[in-house]
Amino acid sequence: MVSGMLTARSPLDLKAAELDLASAAVGAGERQIELVVPEIHCAGCIARIERALTTLPDVTEARVNLSTRRVRVRWRSATPPPVLETLAGLGFSAHAADVDRLAADPARSELLRALAVAGFAAINIMLLSVSVWSGADVETRQIFHWLSALIALPTLVYSGRVFFRSAWQALRRGRTNMDVPISIGVITAFALSLYETITHGPHAYFDAAVTLLFFLLIGRTLDQLMRERARSAVQGLARLAARGATIITADGEHIYRPIAAIRPGMRLLIAAGERAPVNAHVLSGASDADVSLLTGESASIKIGPGDDLFAGALNLSGPLTVEATSSAEDSFLAEMMRMMEAAEAGPSLYRCIADRAALLYAPVVHLTALATLIGWWSLGGDFHHAVTVAVAVLIITCPCALGLAVPMVHVAAARRLFAQGIMVKDGAALERLAEIDTILFDKTGTLTLPEPVLVSRHVSDAKASQIAAALAAHSIHPYARAIARTEPRVALPFETIKEQAGAGVQARLDGALYRLGRSAWASGAADGDEDAVVLTRDGAVIARFAFNAALRPDAGAAIQQLKFDGYTVEIISGDHVAPVENLARTLDLAAQARVTPGDKADYIARRTASGGKVLMVGDGLNDGPALMAAHVSMAPASAADVGRNAADFVFLREGLMAVPEAIHTARRAAQLVHQNMGLAILYNIIAVPIAIAGYVTPLIAAIAMSGSSILVVANALRIGGGKGAA
Amino acid sequence: MSFFFLIPIALLMGLAGLVAFLWALKSGQYEDLDGAAVRILIEDETPTRDEPAPPGNTRS
C-alpha cells in the first residue's frame, strides 16, 4: 500500500480525534458537534442523514438544518461515533464547524422579538386610531387614547431600544447617525401624545410613533437576515486551515493535539493531504508541497530533509516528519492576521451613505422644528399650539423613508447577487463597490483555477489510458487526481503499488513495471518539460499528459467587460515572472510579479493615497493584507479561510463574470439609493410646509408616512428586474 | 357600551398571537425554515415507540 500509512495513525483515529477536538460538552455526559455538510439540498438528504446517524451506537440526537446546511450530532461516549465516515458512506463530505462560532447570533432573535412586539402594537393602536379618526365622541376618544398610550409605552421601551441604543452610542462618541433623528422623532411624538391625552386634547400620535418603529424594524430585520445568510454560506465552504496536528512524543507515540498546544521544537507528522499547522523544518521524508495559497506560486515545490515549510503549505505526496520552528501564534498565518489588522483601518473609516445623509438631515430637520416653534410662539403667543405644530414637523419629517430607503435597496440587491452565487458581507460593501475605479487581480487561484487542468493527453492505446487512471487513483497529488478523472474507475490487479514522494506512483501489472510521474523519474531520461507527466512500461513512454493552470471560465470576457466599462485593471501576483507575464500577455493587462504580501498592501495604500478606489480580487493567504487594505475586496469560494473572511464579497461560481456582475448590481443599487433619497427629499418638500402651516393631523401624518415608505420600498424592489441578469 | 367587552377581547387575542409567536421563536421553530418546508415530504419509516405501525405500511 501507500508507504505513508505505515507510520501515520490510521485515518479513522485521526478523524475521531479531530471530531473530539471540535465538539463541545453539553452536560449529562453528552458531547455535541456541528458539522457543515454543503451538499444537503432536499428532503431525501435530510431523511437519509438523520436515519443513518441516529442508528449509530451512542448517538442520542442528529438533526439536519437545511437552511444552514448543517448537522447537529449529540453522543454519549468517550470516543466520538464514526459520524464523518457514515456521512461519507452516504456520499456527503462534511467538516466540523468552528466551536467558537457555535453560539447562535443573538441579534437576530432580538430583532425578531422587537419586530413582533412592534407589529402587535401597531395593529392594535391603528385599530383604535381609525375609530377616533372616523369620529368617536369625546369620552370614547379619551378611553381609546389612554388604551393606545398603555400599549405604546412598553412597545417603545422594548422595540425602540434597538434604535435608542445605537443613537446613544453615536451621541456619546460625539457623532450622529440615522438613529438619532429617528429616536428624537419617536420620543417627542409619544411625549406630545401623552400630554395631549392628559389634557384631553383631540390629537394623539401614538399610531405614528409605533408604526414608524414597526416599518423601520422590518428594514433592520431583513438586513440582518441577509447578512446572516451570507455569513453562514461563506462559513459553509470547505475549511482549509489545520485544526490540530499529530505530535510525535519523545517515546515515539503519536497523539493528535490542537494547534494551540504546539511549541517550537516539537516533532510533528504531516501526512499527505494535510496542511502544515505551524512553520516547520523538515527532518525526514520527501514530498511535494503546494504553497499557492501562501505565495501565489502555481507550481508545486519539492520538499526534502533540511527544507523549511511555512504554516498553511499543503503536503501533497508523502508523509513528512518535521520539527516545529514556531508556535501557532508566531506562524506565517498569524503574521498575515496581524498585517490584516493593521490594514483594516482603511475601510472601517468609511461612513455609509445613510449616516452621511443623517449628518445633513438631522440638523436641518431639528432647526426647522425649532424655527417653527419660535415662529408660532412669537406670532400667536400660544405656547401650547406652537409646541404642537413643532412636534408635528418633527413627526412628519421623521426619516421613515430615509431609514427604509437604503436597507431595502441593499437587501434586494443582496438577494439578487445571492441568486447569482455571490455573497455580500454587508450593505456598506455594496456602496463601496459602486465607487471603485481600479481593479487588481491576484493570479494563482483567482484569474486561474485553483486546480491544474489537463491540457493535452497522448496515449498509445485505451489500455494505457486505463492503467494511467487506475495508477493515478493511488495518489492525492492534484495532477494524479486530474488523470484519475479521465477514465471511469476500474480496479486493476496491481502488485506492489508504491508512491515515490516527489516523483510519482509505480506498480507491477502482468509482470511489467509501470511508472506514472515526472518524466525524468519514470523514463529515466531527462525530458526538459518539468511539468509533464508520463506513463512508462518498463521504461518506455506509453502515455504523456501536460498540465497547465487554466484560466477561469469567462476570465477573458470578464476582463474585456471591465476594461470596456472604463476600469483600470492590473495583475498583482506573488508567482514567478514567466507565468505572470504569459497570463498578462493573454489578457492584455499590466502585471507585477513576485510581490510580497506586505508590498501588495503597500501598493494599494499608495493608490488609495493618490485618490484611487481599489477593488482587490484575491484568494490566497498572501492576499489577506491586500484584501483588507483595498477599498472593497472579493474572493472566490476556493480562497483560504483568511482571505474569504477578509473579503467583502465571495463568489461561489467558477467563472470570473461574477466580478463585473457584482459591480453592475452595486452600481444599480447605488442609483436606486440615490433615487430613494431624492424621493424622501421630495416628500419632505411637500410635507414640511403643510406641517409648518399647522395643518397636519394624526390622520395626515399616518397617510404621508405610510405612503412614502411604500414608495421607497417599491422603488427598491425594482432591482430584482432590470437588465443584466445572468 | 359593548366595547368594554370587545376591546379587551380584541387585545387579548392579539396578545395571544404575540405570545404564541415569541414561544415559537424561543423553541427554535424559526431556526430552519427551509427544512421545515420539506420535512413534510419525508416518509416515516420507523414507527413511533408507543404505537405499532399499522400493518401494510412498513418498509425497511
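Note that this is a predicted model, so its numbers are computed, not measured. Here is the naming used below: chain letters follow the sequence lines, and residue numbers restart at 1 for every chain.
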Should the heavy atoms of other residues, nucleotides or ligands under 6.0 Å from CZ of A:R48 be counted, would the total exceed 12?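 Enclosed.
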
State whether the number of non-hydrogen atoms from other residues, nucleotides or ligands found under 6.0 Å of A:R165 atom CZ is greater than 12.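 Correct, the count exceeds 12.
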
Backbone of A:L66 reached by a side-chain donor or acceptor of B:D34 within 3.5 Å: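 No; zero donor-acceptor contacts below 3.5 Å.
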
Measuring heavy-atom distances to chain A, does B:L11 have an atom under 4.5 Å in its side chain, in its backbone, in both, or in neither?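 The answer is both parts of B:L11.
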
Quick one: what part of B:I40 sits under 4.5 Å from any heavy atom of chain A, side chain, backbone, both or neither?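 Neither; nothing under 4.5 Å.
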
Given that the side chain runs from C-beta out, which part of [X] has a heavy atom under 4.5 Å from chain B: side chain, backbone, both or neither?
| X | answer |
| --- | --- |
| A:I40 | neither |
| A:N124 | side chain |
| A:L147 | side chain |

Might you point out which heavy atoms bring B:V38 and A:A43 nearest each other, and give the distance in Å?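 Heavy-atom minimum between the residues: O-CB, 3.3 Å.
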
Do you know the tightest heavy-atom contact between A:A116 and B:L22?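 Minimum heavy-atom separation between A:A116 and B:L22: CB-CD2, 4.5 Å.
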
Who among A:G119, A:A47, A:G44, A:C42 has the most heavy-atom pairs with chain B under 4.5 Å?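 The answer is A:A47.
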
Can you measure from [atom1] ([X]) to [atom2] ([Y]) and round to the nearest 0.5 angstrom?
| X | Y | atom1 | atom2 | result |
| --- | --- | --- | --- | --- |
| A:R51 | B:I42 | CZ | CD1 | 7.5 Å |
| A:L225 | B:Y30 | CG | OH | 12.0 Å |
| B:L25 | A:R108 | CG | CZ | 7.5 Å |

Taking side chain as C-beta onward, heavy atoms only, is A:L128 less than 4.5 Å from B:I7?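 They are in side-chain contact.
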
Residue pair A:R113 / B:L18, side-chain heavy-atom distance below 4.5 Å: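 They are not in contact (no side-chain heavy atoms under 4.5 Å apart), so the answer is no.
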
For A:V64 and B:R39, run side chain to side chain contact (heavy atoms under 4.5 Å, CB included): C-alpha distance rounded to whole Å, both residues' side-chain angles, the deciding distance at 0.1 Å, then the answer. CA-CA 10 Å; A:V64 173; B:R39 271 176 195 276; 4.0 Å; yes

